[in-house]
Amino acid sequence: MSILPVRLDAITGAEPVSDGEITGEPSVWHRWRHSPSAVVGSVISAAVIVVAIVSVVWTPYNPLAINMAATFAGPSAQHLLGTDQYGRDVLSRLMSGTDATLYAGVVSVLGAAAIGIPAGLYAAQRGGLPGQLVLRLADLVYAFPALLVAVVLATDFGGSTLTVMGAVALAFVPVFARVTRSGALGVLSLDYVSAARACGVSRTRILRRHVLPNIAPLLITQMTLLLSVAVLADAALTYLGLGAPPPGASWGLMLEEAQRYMGTDPLLVVWPAVTIALCVLGFNLLGDGLRDVFDPRRRDR
Amino acid sequence: MSLLDVEDLVISSAGARLVDGIDLSVGAGERVGLIGESGSGKSLTALGVMQLLPRGLSSTGSIRFEDRDLARISERARSSLRGRRVAMVFQEPMSALNPLMRVGKQIAESLTIHKTVSRAEAKEEAARLLARVEIHDPRAVLRAYPHELSGGQRQRVVLAMAIANHPVLLLADEPTTALDVTVQDRVLRLLDGLVRAEQMALLLISHDLAVVSGICERVMVMYCGRVVERAAVDDVLAHPRHPYTAGLVATSASLGGVSSAPVRRLQPLPTIPGTAPGAAAASRIAGCPFRARCGRATPKCLEEPRLEMIVAGHDVACWHPLPAFAVPFRALETSGGAGRTDVALEPGRPEPAVLAQAATPGYEHASPEWSRPGGHAAQPVSSCDDGATRILECENLVKLYRPELARQGGEPPAGLIRALDGVDLVVLEGDVLGIVGESGSGKSTLARILLGLDRPTSGEVRFRAARIDGSPERALRAMRREVQVVFQDPLGSLDPRMRVRDIIAEPLHALGVEGDHRQRVAELLEAVRLSRDTGRRYPHQLSGGQRQRVAIARALAPRPKVLVADEAVSALDVSVRAQILNLFAELIGRFALTVVFISHDIGVVRHLCNRVVVLYRGKVVEEGPTEEVLSRPKSPYTQGLLAAIPQLGKQVGDDRAPTAEAAPASDRTPAGGLG
Amino acid sequence: MTLAAASVIVFVVLAILPGKPAEVILGTQATPSAVRALTDKLGLDKPIWRQYVDWVGGIVSGHLGTSYISGQPIASELGSALEVTGPLVGLGLLVGLVVAVPLGVFSAVRSRRASGVAASVLNQIGIAVPSFVLGILLIVVVGVELHLLPTGGFTGWSDPTGALRSLVLPAVALGVVEGAIVGRYVRTAVLDVLSSDYLRTARAKGLTPGRALVRHGLRNVAVPVLTVLGLELAGLVVGAVIIENVFTLPGMGTLLLQSVENRDLIVVEDIVLLVAAVVLVVNFAVDILYHSLDPRIARER
């Protein structure tokens, strides 16, 4: 699993975007429908997002409401997934946890992108010393996996959702910087950029008009994959007590609590475990699928 | 009984028939050529014979080789034939060798697999094989890794592995396409010599009619996965019967480089209108796949013609074959106006723009007005400039590169690469200057420096007498409006996420050109003979030729005086290349352009340019009026270069120019692939 | 270089933390004078740069300092923790390889058949399950239900079999998930090799598909996979921190989290720096190995 951002292609990046022969390739939509990863991934992801949104306005029960009269209730018509040690409705807590996890994940991915992408573009555009400096800095940050950052932040400020988001975002910054840089370098070496320069198009305009649109698929794919890593990290950090404190409903916390009662009620472990796996699987498949769709040369993968 | 007998070979991928039922036979010791443009299915045919098709492709049909059907026997049985009885040489010598294994081990493996020699002997035998393929220092090459060798050496190594076990049949798939002309010449001679000495049968696959005609006895022409003509080489060259073959022969002949016939510079070249539909699209066409481009097409052509004998030893798949005595060039010309409008165009055909273009009357034969005003031959051509303005010039240009491994040019990185080594150049107003050179000559580096995209390490570049090297981008604006560029790779030079009309309008915005941009884009589309609705399309929806037209339109947008064309037709198929050259010729006249035309292809330069500069390893080795340089070359390098060009109907190694050996060019061209 | 920069960051970030360690150590009842005395004793009254020099000087000369809380030298605490974490990571790597290589190769070679697709799906699921969740599930099934292996605690290496037995489940939890991630890369690398020209050349020479893959493919697969493996080793170290928590192993991770709770600054600093150093060193080692494996870039350094 690892809280380290794990995708190697995220780090070595490398593939310049779409200089291959794509004449007569089927449309993006066509490739989408024919990529099982993309279809399954988008269905799961969509479901996760819908649940997160619904949980904001409605959950079957108040996820925090304690009912000591109905602890450890098994699945039933009233409580579809049963109740926990305080009689709280497991389904409601899972739903509310989806919201929290997604929120933290999206914020940290977007935050990292907001810093990493400009840094990567800068490094690609300015070779030489300034570019190298940005790269070295990225390497340095990269040596601190999210867990370590979270530990440091938690030592300073205590565990909270903010700690987790900050740690995960910081860990993702170098990933974005590298992916952006290698993608941008690929585009910058292509003839259409030379042609644009020969027409007097300014550097910033080249970045905006040519580079960004052409690496956008790469970046969107990366965001999706990192979102799945963020979900994992969030669960793990919360589990360790570095994230949101009890009694809030989060998947990591639910696991941590359920572990104490796994002798009596193992199902309490299974529900959040399955939820996390499903969510990660969904975003992962979506990311893989997007890559297939955007990069026809990898269709066979 | 032939050595190899292929019957009804079909290769398909996801329902598309990429090779559509071809028959092929090669007799023992016979040399057969397989000609076709990209996407014609010629390479797949060879891979199909070897049963080494890429994943996802499947084949049906029978492949009888030495009385066994390669398609039916077990993989183990096939493996024992491959490399022993039938061997293959591939196009890309760089990727065909395992990058992590020493060359000696890879050659020795060919021998030990089939247990023809013991492990101990294999090494000795490998060295002998390398000597056999004329590698000078076999011991050193045995120890080398593939990336340490030049392209020519790598291809020799691949050849050595192929002939290791004395196969009876050799398949060579574009074995010299990735190589420079001079290297190609030597590898072809070697191949020819080996095949004759070993009495091997050869199936040579190439897009280049001249290459095939230099080695083979018989030739088959493929179009859209089908064989359209099959006959003896001389027959096909003298009396092509299929209209497609006729067009191919005519185009190849007129761009053949150093034929003794006087070249009518800038005169329209014979072309085949339109472009071949992509392989997948072609398999959906009912009837003759060529009919949309064919001047002789009639409604009959909606039925598929079969390959039938027309006279003894000459098979054609055409309902309306050309008469036997027609001179190919003429034949095409007469057909030009006549039958075209009769072609019943099918709705829903791929690439309507291509067809629209083909239907434009007079397109292939541009009006005579572009014989230049003033007459070029009379113009002073030497570097002294009586009257004509020096528009672009450079002096003592030097460019050093840090060798980059990513380029994998060939030579091991040692110190700096001298891409340009003291180049002087003058471009006069109205010049069409050709810059000729092989890879590593520095010609593309020169182009980038002339365009102000790269800075020279030292030396001066002047545009209208003002220095532009090292100037900040703002100072270059005036020049940018007047100097524009067309690059080699038509796809790579167009942003895949922009519509054609936005691509063409980009220089207008960037350079602040005033006026109605939409109107201007429409004018430009018309000037490069693209239909108006092409503007809405994206580059990937266009054919290679169309893309290059878009790139030309973009270059013309700010009404430049000077056009720098870097290998602008090299990536195109022969028939399309002639179209684009005709377009260039027309535009040069129409807009009074000064052109710097960079190319490795002497035939193209000869057709277009009034003056030529020959670059070799970053130095100018010869320059002067095109005719003079090409008919009476002074430098041994130019002589060698000219002698190396494959000629239609000339046997490889015939008329061997005595100077060829003296040519300084070697396999080992400088690294970098910068040229 | 990078390591020095990393040490500065770790130190500065931790030194500016809001809670004063002396107050935390002595509890809320402590008198101000007692706090001041302890602050002096710990050297926390010195300027920050001085504290940093002391700390780094200590590390360089092998003195990692003394724990604020236990008063024990950190070196010995860390040493005994590493006796658990080291073997755990090693075993995890072993399990990971045993999972990754067969899974990746199989799903690539059979990518167009149902069995290959099934392997691929299994692989995706493996990635989606976080190692600590797998750990908890293993405890439930193997430990609680089947009573096969110990589910927590560590007896020490004086009883090697017992020690190994208690490391088996954590190592499996850690390794399977890492293995699934690496397996994806193995699959991609094998697919690349399968479609390469040189493999086609090898087959044209007369090698059977299997032998061609073994003779020409393995080394070419090893090069990219090695890079991922390096990154994943760092991931294993981080993952171990969490897994130790699940299985209550007295390793580095447990020590780290305890120290965070106790605000035991120097211990946190040392461990964070150690992990960052491991990440950097591993990356460096992979780089060197990579260069020695691939002759194309061997001369560059």
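Keep in mind that what you see is a predicted model, and the values were worked out from it rather than measured.
The nearest pair of heavy atoms linking B:Phe487 to A:Ser194 is CZ-CB, 3.4 Å. Smallest separation of non-hydrogen atoms from B:Gly492 and A:Leu190: O-CB, 4.1 Å. Of all non-hydrogen atoms in B:Ala510 and A:Val201, the two that sit nearest each other are CB-CG2, 3.5 Å. Pairing each heavy atom of A:Arg209 with each of B:Asp495, the nearest pair is O-OD2, 3.7 Å. A pairwise comparison of heavy atoms in A:Asn214 and B:Pro496 identifies OD1-CG, 3.2 Å as the closest pair.
Within the structure, every pair that satisfies the ring-ring contact (aromatic ring centres under 6.0 Å, His included) test and touches residues 204-233 of chain A, not counting sequence neighbours, is listed here: A:Tyr192-A:His210.
Atom CD in B:Glu473 sits 6.5 Å away from atom CZ in A:Arg197 (nearest 0.5 Å). Residue A:Ile206 holds its CD1 atom at 7.5 Å from CD of B:Glu506, rounded to the nearest 0.5 Å.
In this structure, the portion of B:Arg448 lying under 4.5 Å from any heavy atom of chain A is its side chain and not its backbone. With a 4.5 Å cut-off on non-hydrogen atoms, B:Leu511 touches chain A through its backbone and its side chain both. When heavy atoms are compared at a cutoff of 4.5 Å, B:Val486 does not approach chain A at all. For B:Arg554, the part lying near chain A is the side chain, with the backbone staying farther off; criterion is any non-hydrogen pair under 4.5 Å. With a 4.5 Å cut-off on non-hydrogen atoms, A:Arg203 does not touch chain B at all. When heavy atoms are compared at a cutoff of 4.5 Å, A:Ala196 approaches chain B by way of both its backbone and its side chain.
The choice from B:Gln484, B:Arg477, B:Met479 that makes the most heavy-atom pairs within less than 4.5 Å of chain A is B:Gln484.
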